[in-house]
Amino acid sequence: MQNKAFEGSIDYFQVMDENGAIDKSLYPQDLSDDRIVEMYKSMLFARNLDAKTLSLQRQGRADTFAPLVGEEATQIGTAFAMRKDDILVPNFRQHGAYLARGLPLESYFLYWKGYEEGNSKVKEINALPVIVPVGTQMPHAAGIAYAQKYRNKDVAVVAFVGDGGTSEGDFYEAINFAGVNKLPMISIIENNQWAISVPRNRQSAAQTLAQKAIAAGIKGVQVDGNDVIGVYKVVKDAIDHARDGPTVIECLTYRMSMHTTSDDPSKYRPEADVDKWKAKDPLKRVGAYLRAKGLWDDAKEKQATDEQMARIDEAVAKAEAFKPDPKSMFENVYSFIPEVLKEEEDDAVKSNFWM
Amino acid sequence: MNINMVGAINNALDLAMRKDDSIVLLGEDIGKDGGVFRVTDGLLDKFGENRVLDTPLAESSIIGASIGMAMAGLHPVPEIQFAGFMFLGFGQLINHAARFRSRTRGDLTVPMVVRTPVSGGVKTLEHHSESPEAFYSHVGGLIVVEPSNPYDAKGLLTSALKMNDPVLFLEPTKLYRLFKQDVPEEQYDVPIGKANYVKKGDQFTVVTYGTMVPVVNKVVEDKKLSADVIDLRTINPLDEATILESVKKTGKLLIVHEAVLSFGVGAEIAARVAEKAMFDLSAPIIRVGSASFPYPMPGYENYYIPNEKKISAAIDRLLSA
Ligand SMILES: Cc1ncc(C[n+]2csc(CCOP(=O)(O)OP(=O)(O)O)c2C)c(N)n1
Ligand SMILES: [Mg+2]
């Protein structure tokens, strides 16, 4: 005997196409034009901020930094779909989501200048700090989701992971854990087609990354990750149903820039590949949509950019005025200072080893 | 040829791969990109995709699959992009690479060389600056090697690739391009398990390795002192004989490493010297290491890793005892 033991499929969503035209049947009813203007401003901010940080990095005023340009819709659509109490679990490229959730800009700069203090405000916005080891944040998200369910809270946990990150054991283990326990966990795969130099098709032989959800027995969908309204819609739906269990959402986007400021993409990818994606730019299409509706114009764009740049400059100045206190390293290792560590600290202070 | 450590490692791999077709390289971004530090640059073009494999982003499978390859007759050289990410493959190293030989009483062996950049001082993001040698040395069954210059890097790697054992080859990021050296064109061995006197003297002994070798050298030179400076080159198995030989001569021992002070390689050396040469000592043994907690973010690293001032003060203390 032979019969089909299982059949599955993955749906792909797009609400706004590359020219800004809307599929009305999918349009999220709760989304007002004002919110779309806010989303657009937030995307513009992320892009302006990236440009600024890049120039600071080039001047030696910021450490190695991972730009997000091209991926704004994935991050901002997600952040806008989240409720205030929902919890954000990023990897390391998600500053767009952080800032849309209200992270103080100064914290962002402190982080990329290399100070732990930049992570100290993320709790205020119901988020976890930047996590550098790829994919290792996913089990944390599952655990946080378990705690929400345990306390019977109506809170969803939204975790970001890259296309590369979905190859790590921690990713599979986390969605599996979430599936078995029916947890309110939403995994956003920010599929920007590259993990440094490794292209998406060398990361997995699976046709979609969303279908990894099927093996975990949970829901998986794919969305145009450059369509901020589409992303908003699928994330909102997943949050609305979070009490019924987890969802994996694969957002198809593109890393328009380098992996980090230490990377040289010309080693491994043709410029033409990047050009193809320029037509799908996430800001361009919302901009076109809002302009067609009379909700946006050049003057507004300029005004928004000027305001954002002023905010950025102010935050940079604050972050640059920050003076690190090495004692903070010793005093935040345990809930108390062990004698032996105190001795190391005293030795260091006394001998003035710190230049 | 006059090359830096990146060039020396690349050259060692190149020469070994030409001779031995069982050598296969695998890791994240090692092919087209040539590795994030360019250590494997050009090897994909020379040896093809079957021998220089860009893997999916998953460290446990990079190491686990290497173990499988090794048991099946290949000699894999996995690269873990940074030592901080090797912990995702830690289980495979500790539970399997270290044990297959003993669990089969020598029937199955794991000849492989795991390469990974270690240590800090170059202002990188979190998890890019760890010095984890003590973790791996603690298990037994894993050989742990760390060169401090291009000549040693080529020779040690050449030797490591001839061994029928799992070898961790730790490459200090800071030293990758810090200086060049004249290195023979052809293959040569620097023996595994043998420490090297980088300076000879009689006032005291410094045992060190990796990033701290040039720092210690500079302090000893600046202070115009006469010291034995011993570069371990191999951390496990430890070359106890060379250390004891020197300590019995000088009577004073300073141990300097970038890894955290507590429960580290320095503690192991100090304990062995205390056990076997206690009465040859004329001063208490001193260790210098990083503060006993995880590597901080780059804004704080200058307050964390040992610097010339700290080493110099330790030497003063040692000599005034
Ligand atoms: C566990 C681990 N291995 C390796 C790295 C080095 N590394 C940093 S980012 C990256 C690629 C990540 O790709 P992806 O998950 O697609 O995220 P993206 O960078 O595209 O946002 C790699 C290999 C790391 N940070 N963590
Ligand atoms: Mg990616």
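Convention: sequence-line order gives letters A, B, ...; per-chain numbering from 1. Since we're looking at a predicted model, the values are computed, not measured.
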Do the ring planes of B:F37 and B:Y176 sit parallel (below 30°), tilted (30 to 60°) or perpendicular (above 60°)? tilted
Please give me the minimum heavy-atom distance between A:I312 and A:K52, naming the atom from each residue. CG2-CG, 3.4 Å
Do we see a donor-acceptor contact under 3.5 Å between the side chains of A:D163 and A:Q193? no
Turns out that what part of B:L53 lies under 4.5 Å from chain A's heavy atoms comes down to side chain
Is B:D316 close to chain A through its backbone or its side chain, or both, or neither, when contacts mean heavy atoms under 4.5 Å? neither
Heavy-atom distances under 4.5 Å only: say whether A:I196 touches chain B with side chain, backbone, both or neither. both
List the atom of B:G120, the atom of B:Y295, and the distance in Å for their closest heavy-atom pair. CA-OH, 3.4 Å
Side chain, backbone, both or neither of A:V333 within contact of chain B (heavy atoms, under 4.5 Å): side chain
Need one label for B:R38: side chain, backbone, both or neither, based on atoms under 4.5 Å from any heavy atom in chain A. side chain
Please flag which part of B:A313 lies under 4.5 Å from any non-hydrogen atom of chain A: side chain, backbone, both or neither. side chain
Under 4.5 Å from any heavy atom of chain B, what part of A:S328 do you find: side chain, backbone, both or neither? side chain
Which label fits B:H127 and B:F85: parallel for a plane angle under 30°, tilted from 30 to 60°, or perpendicular past 60°? tilted
Using only heavy-atom distances, determine whether the side chains of A:E71 and A:T74 contain a donor-acceptor pair under 3.5 Å. no
With a 4.5 angstrom heavy-atom cut-off, is it the side chain or the backbone of A:D325 that approaches chain B, or both, or neither? backbone
In terms of the angle between their ring planes, are B:F87 and B:F135 parallel, tilted or perpendicular, with boundaries placed at 30° and 60°? perpendicular
Would you say the side chains of A:Y172 and A:S167 form a donor-acceptor pair under 3.5 Å? no
So for A:T260, is it side chain, backbone, both, or neither that comes closer than 4.5 Å to the heavy atoms of chain B? neither
What part of B:Y300 gets within 4.5 angstrom of chain A, counting heavy atoms only: side chain, backbone, both, or neither? both
I'd like to know if the side chain of A:T261 pairs up with that of A:T64 as donor and acceptor (distance under 3.5 Å, no hydrogens or angles considered). no
Quick one: what part of A:Y111 sits under 4.5 Å from any heavy atom of chain B, side chain, backbone, both or neither? both
Residue part contacting chain B, namely of A:E117, when any heavy atom lies under 4.5 Å: side chain
Who wins among B:S312, B:P298, B:P306 for the most heavy-atom pairs under 4.5 Å with chain A? B:P298
Do B:P76 and B:L26 make a side-chain contact, defined as non-hydrogen atoms from C-beta onward lying under 4.5 Å apart? yes
With a 4.5 angstrom heavy-atom cut-off, could you sort out which part of B:S60 is near chain A: side chain, backbone, both or neither? neither
Side chain, backbone, both or neither: which part of A:E168 has a heavy atom under 4.5 Å from chain B? both
Which atoms of B:E308 are under 4.5 Å from chain A, going by heavy atoms: the side chain, the backbone, both sets, or neither? neither
Side-chain heavy-atom pair A:L128, A:V122 within 4.5 angstrom cut-off: no
Does any heavy atom of chain B fall under 4.5 Å from the side chain of A:F330, the backbone, both, or neither of them? both
